[in-house]
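Note sheet for the following structure.
Predicted model only: the values in this text are computed from it and were never measured.
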Amino acid sequence: MTLSSSHKPEGAPLLVRLSDVHKSYRTPGFSRSRVFRGLSLQLPAGRNIAVLGGNGAGKSPLLRLISGIERPDSGSVYVNGRPSPPKGL
């Protein structure tokens with residue numbers, strides 16, 4: 001997966017911050033499929049961000065974590081400086 005953005009301008013506020021995020025899903029046979037291991041990234045406010053990657057690269061889980069639809073196994077997700085609230089669907 002590739003995230004594309006211009007560099008964060010000095011003093012620009014962060015829109016999204018992920019810190020040491022781990023995410024996995026249960027697979028048949030009670031094993032786990034790891035999607036993220038220690039993912040940390042910062043996305044500045046006021047920028048257009050592109051998330052690119054092939055099938056299974058983790059684009060959808062990343063967006064579900066940021067939106068609060070899913071929670072990480074460990075680590076933290078902040079949006080506008082606050083923890084991303086869980087949203088049940």
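- For residues 18-31, the set of pairs meeting the salt bridge (charged side-chain N to carboxylate O under 4.0 Å, His left out) definition, not counting sequence neighbours, comprises K23-E70.
- Checked by atom type and distance alone, the side chain of S67 pairs as donor or acceptor with a backbone atom of L63 at under 3.5 Å.
- For S33, the side chain to side chain donor-acceptor pair (under 3.5 Å) test picks out no residue, with sequence neighbours left out.
- Remark: S24 pairs with R32, R34, D73 by the side-chain contact (heavy atoms from CB on, under 4.5 Å) rule, at least two apart or across chains.
- Residues satisfying the side-chain contact (heavy atoms from CB on, under 4.5 Å) test with L18, not counting sequence neighbours, are V16, V21, L39, L41, L62, I66, V77.
- Between the side chain of H22 and the main chain of R37, no donor-acceptor pair closer than 3.5 Å is present.
- With sequence neighbours left out, the side-chain contact (heavy atoms from CB on, under 4.5 Å) criterion links P61 to Y25, V35, F36, R64.
- Of the possible donor and acceptor atoms, none in the side chain of K59 sits under 3.5 Å from a partner among the backbone N and O of L52.
- Applying the side-chain contact (heavy atoms from CB on, under 4.5 Å) criterion to Y78, with sequence neighbours excluded, gives R17, S76, P83.
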